[in-house]
Amino acid sequence: MEDTAEFHCGVHAMISGLGSKPELNDEHCVSLGPNPDNQERVLVVVRSGMRLSLRPSNLKPAELLPGSQVVIVGLTNAAQYNGKCGEVVSWHGERWIVDLENKERKSFRSENLVIMPERVASKKRPSDALEPEAKQLKTTDIKDFQSSDEMVVARALVRCMREFPLIAQKCICCLATKQTVTVMHELAQHLTDKQNDGLLRRPLKPREKVKGIEELEAEEHCLMIAERRARALAGMCRINYCDLLGFLKQGLEEPKFKKRMR
């Protein structure tokens with residue numbers, strides 16, 4: 001019997017490994033808790049508002065954070081907001097504060113929000129004509145990275161990794177030295193050239209696939225995973241774990257490799 005306890009009401013997840021409906025794989029959903037008609041399955045809602053009864057093994061936990069793009073689902077008393085999109089601002093009490101696209105600010109329970117990570121890429125990087133790495137980090141960003149307040153550091157990381165894909169890729173390299181999550185591990189194997197030492201050696205090219213997870217958009221998943229772990233990354237930045245702060249301050253280049261070239 002599979003354990004559904006991990007996916008209690010309000011927990012966010014990504015669908016994976018469905019054979020009967022493969023088109024739903026990699027789509028985000030939110031849990032409504034164990035299915036009352038089948039305690040071995042979890043009742044979830046996807047962005048369209050459709051409910052599904054899935055095995056826990058077909059769900060990968062995801063994290064809702066400030067800055068996440070979401071769609072509203074499952075409301076009954078204010079059904080006019082279902083299908084509306086917005087950006088999560090903060091957590092207050094038992095609800096998330098969301099800025100909707102129509103400029104309204106509303107609060108919603110976690111089970112009424114579904115993450116839409118692909119909207120980040122389309123909203124923040126609308127043109128492939130201009131490579132984000134051709135730009136430079138702002139002085140104010142560098143200052144924020146060195147702040148003693150981890151929330152300031154976390155917000156700066158999320159803000160900049162959306163504009164500079166290399167930052168998200170470096171973050172994956174750092175995170176993977178401490179965790180063995182399958183997708184993260186496969187990404188880090190590629191990015192660190194199988195060294196798993198936190199150093200970015202093989203940056204992803206646009207739309208490049210990674211061996212072992214060819215079905216996933218590698219660059220998008222780097223951003224998605226790094227955003228979910230912004231607080232942990234902020235701590236790594238403060239102690240310069242795996243030269244993360246040095247990487248940011250040296251123009252998105254590994255300080256260790258830069259020294260060797262001199």
Side-chain angles (χ1 to χ4, degrees), residues 6-15 27-33 42-51 59-126 138 140-141 143-145 147-164 167-168 171 220-235 237-238:
E6 183 181 2
F7 297 99
H8 55 80
C9 186
V11 169
H12 291 263
M14 185 173 70
I15 299 171
E27 182 156 342
H28 280 252
C29 61
V30 64
S31 172
L32 299 180
V42 180
L43 199 60
V44 302
V45 183
V46 295
R47 70 181 70 184
S48 65
M50 178 175 63
R51 293 189 176 194
L59 298 171
K60 294 181 179 180
E63 190 173 356
L64 187 62
L65 291 169
S68 297
Q69 301 292 314
V70 294
V71 61
I72 316 303
V73 297
L75 292 175
T76 53
N77 293 334
Q80 69 272 21
Y81 290 106
N82 289 331
K84 303 291 185 183
C85 298
E87 181 173 325
V88 173
V89 177
S90 62
W91 173 257
H92 183 71
E94 296 183 350
R95 292 172 174 263
W96 288 99
I97 307 300
V98 178
D99 280 346
L100 298 173
E101 289 183 339
N102 64 1
K103 309 303 181 184
E104 282 188 88
R105 174 168 288 189
K106 294 288 183 181
S107 65
F108 301 96
R109 295 186 183 279
S110 185
E111 61 264 31
N112 294 122
L113 302 173
V114 173
I115 300 171
M116 300 183 68
E118 74 282 358
R119 288 179 61 85
V120 175
S122 62
K123 184 176 180 181
K124 301 294 181 180
R125 289 183 278 142
K138 298 175 184 176
T140 52
D141 293 328
K143 183 179 179 181
D144 286 346
F145 292 144
S147 171
S148 60
D149 186 337
E150 288 194 359
M151 281 302 294
V152 172
V153 180
R155 283 195 292 267
L157 283 169
V158 171
R159 183 173 66 245
C160 291
M161 70 177 65
R162 291 174 177 174
E163 187 174 3
F164 298 88
I167 295 179
C171 288
E220 180 182 314
H221 270 71
C222 284
L223 174 62
M224 184 173 67
I225 294 169
E227 278 190 323
R228 292 204 307 260
R229 291 165 173 77
R231 286 297 296 275
L233 287 164
C237 195
R238 287 187 62 192

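When all heavy atoms of Ala234 and Leu157 are compared, the closest pair comes out as N-CD1, 3.8 Å. The shortest heavy-atom contact between Val73 and Asn82 is C-OD1, 3.4 Å. The two residues Ala154 and Arg231 come nearest to each other via the heavy atoms CB-CD, 4.1 Å. Contact record, Glu6 with Val11: O-CG2, 3.7 Å, taken as the closest heavy-atom pair. Looking at every heavy atom in both residues, Glu63 comes nearest to Leu65 through OE2-CD2, 3.6 Å. Heavy-atom minimum distance, Ala230 versus Val158: CB-CG2, 3.6 Å.
Val71 has its side chain out of reach of Ile115: every pair of non-hydrogen atoms, C-beta onward, lies at least 4.5 Å apart.
Evaluation of the ring-ring contact (aromatic ring centres under 6.0 Å, His included) test over residues 65-93, restricted to residues two or more places apart or in two chains, returns Trp91-Trp96.
In terms of modelled atom types and a separation under 3.5 Å, the side chain of Arg51 and the main chain of Val45 share no donor-acceptor contact.
For Arg238, the salt bridge (Lys or Arg N to Asp or Glu O under 4.0 Å) partners are Glu150, not counting sequence neighbours. For Ala226, the side-chain contact (heavy atoms from CB on, under 4.5 Å) partners two or more places apart in sequence, or in a different chain, are Met161, Ala168, Cys171, Leu233. Remark: Ser90 pairs with Ile97 by the side-chain contact (heavy atoms from CB on, under 4.5 Å) rule, at least two apart or across chains. Contacts of Asp144 classified as side-chain contact (heavy atoms from CB on, under 4.5 Å), with partners at least two apart in sequence or in another chain: Val152, Ala156, Arg159. Considering only residues two or more places apart in sequence or on other chains, Asn77 meets the side-chain hydrogen bond (donor to acceptor under 3.5 Å, both in side chains) condition with none of them.
A salt bridge is defined here as a Lys NZ or Arg NE, NH1 or NH2 lying under 4.0 Å from an Asp or Glu carboxylate O, and Glu104 with Lys84 fails to meet this definition.
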Side chain to side chain donor-acceptor pair (under 3.5 Å) for Ser31 and His8? Distances and angles first, verdict last.
CA-CA 6 Å; Ser31 172; His8 55 80; over 6 Å; no
Could you walk me through whether Val70 and Glu87 pass the side chain to side chain contact (heavy atoms under 4.5 Å, CB included) test, one step at a time?
CA-CA 6 Å; Val70 294; Glu87 181 173 325; over 6 Å; no
Derivation of the side chain to side chain contact (heavy atoms under 4.5 Å, CB included) call for Met116 and Cys85:
CA-CA 9 Å; Met116 300 183 68; Cys85 298; 4.0 Å; yes
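A distance of 12.5 Å separates NE2 of His12 from CZ of Phe7, quoted to the nearest 0.5 Å. Atoms CG and CD, from Leu43 and Glu111 in turn, are 12.0 Å apart once rounded to the nearest 0.5 Å. Distance SG/Cys29 to CE/Met14: 9.5 Å, rounded to 0.5 Å. For the atom pair CZ of Arg155 and CG of Asp141, the computed distance is 13.0 Å after rounding to the nearest 0.5 Å.
None of Leu113, Val114, Val44 except one satisfies the side chain to side chain contact (heavy atoms under 4.5 Å, CB included) rule with His28; the exception is Val114. Here the options are Ile72, Leu100, Asp99, the test is side chain to side chain contact (heavy atoms under 4.5 Å, CB included), and the partner is Lys106; only Leu100 passes.
The number of heavy-atom neighbours closer than 6.0 Å to CD of Gln80, taken from other residues, nucleotides and ligands shown, is above 12.
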